[in-house]
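Worksheet for the structure shown next.
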Amino acid sequence: MTARTRDWQAADASHFLHPFTDHQALASKGVRVITRGEGLYVWDSEDQRLFDAMSGLWCVNVGYGQAALIDAAMQQMRTLPYYNSFFQTTTPAAIALAERLAALTPAQFRHVFFSGSGSEANDTNIRLVRRYWDLMGQPERKVIISRLNSYHGSTLAAASLGGMAAMHTQGGLPIPGIVHIDQPHYWAHRDGAAKGLSREEFGVIAAGWLEEKILALGPEKVAAFIGEPVQGAGGVVVPPSSYWPEIQRICDRHGILLISDEVICGFGRTGQWWGCETFGTTPDLMTFAKGVTSGYVPLGGVMVGERVARVLIERGGEFEHGFTYSGHPVACAVGLANLELIEQQGLVQRVREDTGPYLAEQLALLLDHPIVGEVQSCGLMAAIQLSREPHAREAFAAELRVGLVCRRHCFDNGLVMRAVGDRMIIAPPLVITRAQIDEMFALIRGALDRTFAEAHAAGWLAGATG
Ligand code: PXG
């Protein structure tokens, strides 16, 4: 290891508290320093090249080093690096992006509220939803229903909306007025609610959990339901196609607002511009972040549907909410350049008609692998469920942390793939080609082979003795 890497690791361990990280464990191991990126690859400080099958953190959708985005940032920085959108002012970049987003989103959306991140956008959703019901003369409608194992961000409110148990146990979450139902996870429910059912039959059952919760709470108390079209951080949980249309019917039946959290699914990831289009819902509010700028600079926001926007605008007076960086001109200029690039290159159509289906084909070939229990994909996001006995759909013991073993082999093999428990997940940049998908699957298969060999040698597989 070079002295430069060692110095960086020491300085990092001394001063930098990382998100979602066991600081002591990382300090003893030494952090990996990523120094540059180009196309689908990043390089670390030891000059190891890594195929980035996670698009950074589900965001670098156009890949690294796109000149159009870099130029847009530089030009905006020179002209006007910052101005706010409080106090009856705005900037041309923020206006242009708002107009573009209104055109690219489903017809019910004509307005956007900008934030700096997905978490802030979901906080904004809570404030919008409660404001809406106050203005509608139904202030008792406060409860927002979400799902276990969903991820909606890390502020107090967004972490409460999310259904990550580990996050809730730190700091007494969720905050009041947020409740959770179970997730439409066919594999996780294979020995329970999904036993003996087809995926589609299970989808209707899982959607029914929403109605049960609404009736238990009293529909007059329920403000909204929030969900990711496909749960991302929860392990690329692709719901059965019966699930979302049934959720929409239930929300409509009880007059409840529907929030689609598109932070991962938006901007083409699922093969349509929006995950709600792929799954057939008409949300009232839509969260976005990440892919809006391909992660080049931070930006998030909420698309506000006409049902809510009209009430807020016509009856609301001042909405007491906003951020210093709401509509940041550099972020908006980069967002605009990013959307132009996605359109010019026809990336959404390419995911839908070419690379998405091709990825699904290649993924299905992994089902012959002796530690792969199921595979799921939607557009360019996919999950590979590790199993100690695929035919019996048996899980590895959780304490073996086989997902992390596989992840180590991925890194050693030059691939970034994420582990959510024993579910390996990928979400490569939308610019990926068929040839690069082949390259990615060769790396994935290599990592699975090594994981299998290690599990076999350790006696972790079904039928092993000792
Ligand atoms: N909603 C969804 C659906 C997300 O995936 C957020 C909101 C929050 O966005 P910000 O910009 O506040 O981080 C996210 C973020 C992971 C991982 O481990 C995923 C996210 C963030 C960090 C880690 O997969 N998604």
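Note: hydrogens, waters and symmetry copies are ignored here, and every other heavy atom, side chains too, is used. Indexing begins at 1, ligand by ligand and atom by atom, following the structure's order.
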So that I can tick it off, tell me whether R423 and E374 are bridged by a salt bridge, with the cut-off set at under 4.0 angstrom between side-chain N and carboxylate O. yes

Which is it for L347 and V431 under the side-chain contact (heavy atoms from CB on, under 4.5 Å) test, yes or no, and what are the steps along the way? CA-CA 7 Å; L347 291 183; V431 290; 3.8 Å; yes

re atom 23 (C) of ligand 1, the protein heavy-atom contact at minimum distance is L57 CD2, 3.7 Å

Least distance between heavy atoms, V351 atom then R269 atom: CG1-O, 4.0 Å

Which of the atoms of ligand 1 are close to W58, meaning less than 4.0 Å from one of its heavy atoms? 16 (C), 17 (C), 19 (C), 24 (O)

Are the charged groups of R352 and E277 less than 4.0 angstrom apart, N to O? no

Which ligand 1 atoms are under 4.0 Å away from a heavy-atom of S117? 11 (O), 12 (O)

Considering the heavy atoms of A233, write down every atom of ligand 1 situated less than 4.0 Å from one of them. 16 (C), 19 (C), 24 (O)

Taking side chain as C-beta onward, heavy atoms only, is L299 less than 4.5 Å from L97? yes

What is the distance from atom NZ of K221 to atom CZ of R141, rounded to the nearest 0.5 Å? 11.0 Å

Looking only at protein heavy atoms, which one is nearest to atom 2 (C) of ligand 1, and how far off is it? Y151 O, 3.3 Å

What are the two closest heavy atoms between A27 and A13, and how far apart are they? CB-CB, 3.8 Å

Record the part of R418 in heavy-atom contact with ligand 1 below 4.0 Å; permitted values are side chain, backbone, both and neither. side chain

Under 4.0 Å between heavy atoms, the region of N122 that gets near ligand 1 turns out to be side chain

Working to the nearest 0.5 Å, report the span between CD of Q76 and CG of L336. 10.0 Å

At less than 4.0 angstrom from any non-hydrogen atom of I264, what atoms of ligand 1 do you find? 5 (O)

Quick check on contacts: which atoms of ligand 1 are under 4.0 angstrom from a heavy atom of G153? 6 (C), 7 (C), 8 (C)

Counting non-hydrogen protein atoms only, what is the nearest one to atom 9 (O) of ligand 1? Give residue, atom name and distance. G118 CA, 3.3 Å

Please table the atom pairs, donor to acceptor, closer than 3.5 Å between any side-chain atom in residues 30-38 and protein atoms at least two apart or in another chain.
residue : atom : partner : partner atom : Å
R32     : NH1  : D44     : OD2          : 3.0
R32     : NH1  : Q48     : OE1          : 3.3
T35     : OG1  : W43     : O            : 3.3
R36     : NH2  : D47     : OD1          : 3.2

Test E211 against H254 for side chain to side chain donor-acceptor pair (under 3.5 Å), laying out the working first. CA-CA 9 Å; E211 187 143 49; H254 299 285; 2.7 Å; yes

Go through ligand 1 atom by atom and flag the ones less than 4.0 Å from a non-hydrogen atom of H152. 1 (N), 6 (C), 7 (C)

Which atoms of ligand 1 are found less than 4.0 Å from any heavy atom of S119? 8 (C), 9 (O), 10 (P), 12 (O)

Atoms of ligand 1 close to D261 [distance to a heavy atom under 4.0 angstrom, numbered from 1]: 1 (N), 2 (C), 3 (C), 7 (C)

Check F20 against ligand 1 and report side chain, backbone, both or neither, counting heavy atoms closer than 4.0 Å. neither

Does at least one non-hydrogen atom of K290 fall below 4.0 angstrom from an atom of ligand 1? yes

